[in-house]
Amino acid sequence: MKRTAVALLALCILLTAGCANKEKPTAEPQEPPASQSITVDNPAPPLPSTDQTPTEPAPNADDGVTVYALDGGVELPIPTEYVDSLIIDATPEALNEHWKPLFTLTERASAEDFEKDYPGEDQGAGWLCSVSRLDRIGFEEWISGDDTGAGVFARDGQDNYYLLSKPTDVRFYRCGKGFDLAGNDPAQLEQWTLLNDWAATLPDMLIARNHLTAYGASELLDMDFTYGGDHVDLGYRIPGEPMDLVVLSLSQPAKQGEGGLWCVERVRYVYSDYDWTDTHLVFPAALGFDETAAGYYARLQDECDAGEHEDLLTPVGAALDYARRVAWLFGEDVSASDFEVIESVG
C-alpha cells in the first residue's frame, strides 16, 4: 500500500541522513543542536554571485560597523573587519508573498575555493546563516513543517516573524581538502570560527537594532494543545510498520461545544519499537489554504452555522477530512472506521 511505502521511506531517511555523496565531497555532519524547533527541509540557499553588491551599505555611527539597509527598513550591522571575508546577499529573491528572505551570509574563501574545484556547482560551501521575515501565514506554514536548522527568534508590531536558518553540517571548504576541517591552516580555521561565533550573536543584534521583540516558537510547540476547550485523540494504526500509529489531536478552534467545528491541530507519529514520538502542528496554511488559522476557522464556522460542512461537526468527521487531504499517508481508501479513540500519547 502507498502508506506502507511512505512509512518505510520515512524510516530510511531517518536512519540514513547524512550519507556522503560519492561523486563530490559532501559536508561533514555535526552534532545536532540540543533543542530544535519543528521546523520545511532546510536546503542551502543558492550561492550568491561573488561580485554582488549589497543594498545601500553605510557606515554606522558606531566605530568599526558597516550597516546594510534591507527590505522593509531592517538594518543589518556587520563589523567592518568582517565585510571583506563575507559574501553578503542582501537582495535574495522572495520565496512567496508570505516568506521574504532578508539576507544570506557566506564565507567568501570557502565559496570561491569550491567554485575553483567545481565550477558552476553548488553545495552551499561557506554558508553561515540566512534570515527571513514571515508574515502570520508564512509563520503558520513554517511551524507546521520540518525545517531542521531554522528557528524563529523575533517578531515585530505588524505580526511578522523573523527566522534564522543555519547549516546543520560543516560548510568550511578549501581547495584540495574539501569540507574536511582537519589539516587546514589554523589561521583560516580561526577566522571561520570567529565568523560563526559572530553569526550566532546576530539574533540579539537584530532585535536590539530594529526594535524587535524576542520571540521563540517553543511555547507553542510545547503546549499539549493549540486551542482551548475539549479535545479528542484519534488513532490510526499501521500494523507491522516502524511508524505503527498516527495520532490525530482534534480541537474546536472557533466555537466550543455543540455546533462548533472540529479540526486536526497536531499530529503525532509514533514509532513504538523505538519508543519515539514525532509531533507536528497542523495549520491551514500547510494544507494549501492562503489564510491564517484564525481567519480560516472563523469563516468555516460561519459556513457550518449556515448548514454547510456537517462532517466537520464531529471529531471523526474532521479526522477523515484531514486524512483525505493527506492521502499519501493514510491511503486513498481511508474511512471513518479506521480511527479509534485512544488515550493521549503526549
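Only heavy atoms go into these numbers, but all of them, side chains included; no hydrogens, no water, no symmetry mates.
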[X] (side chain) donor-acceptor with [Y] (main chain) under 3.5 angstrom:
X    : Y    : answer
Q301 : A254 : no
D113 : C175 : yes
T168 : G149 : no
E107 : W127 : no
E140 : A285 : no
R108 : L86  : yes
N196 : W192 : yes

Is the closest side-chain donor-acceptor distance between [X] and [Y] under 3.5 Å?
X    : Y    : result
T226 : R266 : yes
S165 : S130 : no
S110 : R171 : no
H280 : D278 : yes
Y82  : D84  : no
Y162 : N210 : no

Residues, nucleotides or ligands: over 12 heavy atoms within 6.0 Å of D275 CG
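No, the 6.0 Å shell around CG holds no more than 12 heavy atoms from other groups.
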
Mind checking whether F330 and Y236 have parallel, tilted or perpendicular rings, split at 30° and 60°?
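Answer is perpendicular, since the angle exceeds 60°.
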
For E303, give me all partners under salt bridge (Lys or Arg N to Asp or Glu O under 4.0 Å), at least two apart in sequence or on another chain.
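Scan of E303 (salt bridge (Lys or Arg N to Asp or Glu O under 4.0 Å), adjacent residues dropped) gives R299.
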
Centre-to-centre under 6.0 Å for F103 and Y68, is that the case here?
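No: the rings miss the under 6.0 Å criterion.
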
Verdict with supporting geometry, Y322 and W262, side-chain contact (heavy atoms from CB on, under 4.5 Å)
CA-CA 11 Å; Y322 172 80; W262 289 84; over 6 Å; no

Quick check: do D311 and L320 have side-chain heavy atoms less than 4.5 Å from each other?
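No, side chains not in contact.
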
Could you tell me if the side chain of F179 sits less than 4.5 Å from the side chain of Q123, heavy atoms only?
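Heavy-atom side-chain distance check passes, below 4.5 Å.
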
For L134 and E141, what are the C-alpha separation, side-chain angles and deciding distance, and is it a side-chain contact (heavy atoms from CB on, under 4.5 Å)?
CA-CA 9 Å; L134 286 57; E141 181 180 18; over 6 Å; no

Could you go step by step and tell me if Y297 and Y227 meet the side-chain contact (heavy atoms from CB on, under 4.5 Å) rule?
CA-CA 12 Å; Y297 289 127; Y227 308 105; 3.6 Å; yes

Test side-chain contact (heavy atoms from CB on, under 4.5 Å) applied to L313 and H309, step by step:
CA-CA 7 Å; L313 299 181; H309 314 301; over 6 Å; no

SB check D305 K255 (cutoff 4.0 Å)
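Salt bridge between D305 and K255, a charged N being under 4.0 Å from a carboxylate O: yes.
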
Any Lys/Arg nitrogen of R237 or E340 sitting under 4.0 Å from an Asp/Glu carboxylate oxygen of the other?
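A salt bridge is present here (some side-chain N lies under 4.0 Å from a carboxylate O).
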
For V267 and V264, work out which heavy atoms get closest and say how close.
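What the structure gives for the nearest pair is CG2-CG1, 4.0 Å.
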
Examine [X] and [Y] and state if one hydrophobic cluster contains both, with Ile, Leu, Val, Met, Phe, Trp and Tyr joined whenever side-chain heavy atoms are less than 4.5 Å apart.
X    : Y    : result
F283 : F289 : yes
F153 : L202 : yes
L281 : Y215 : yes

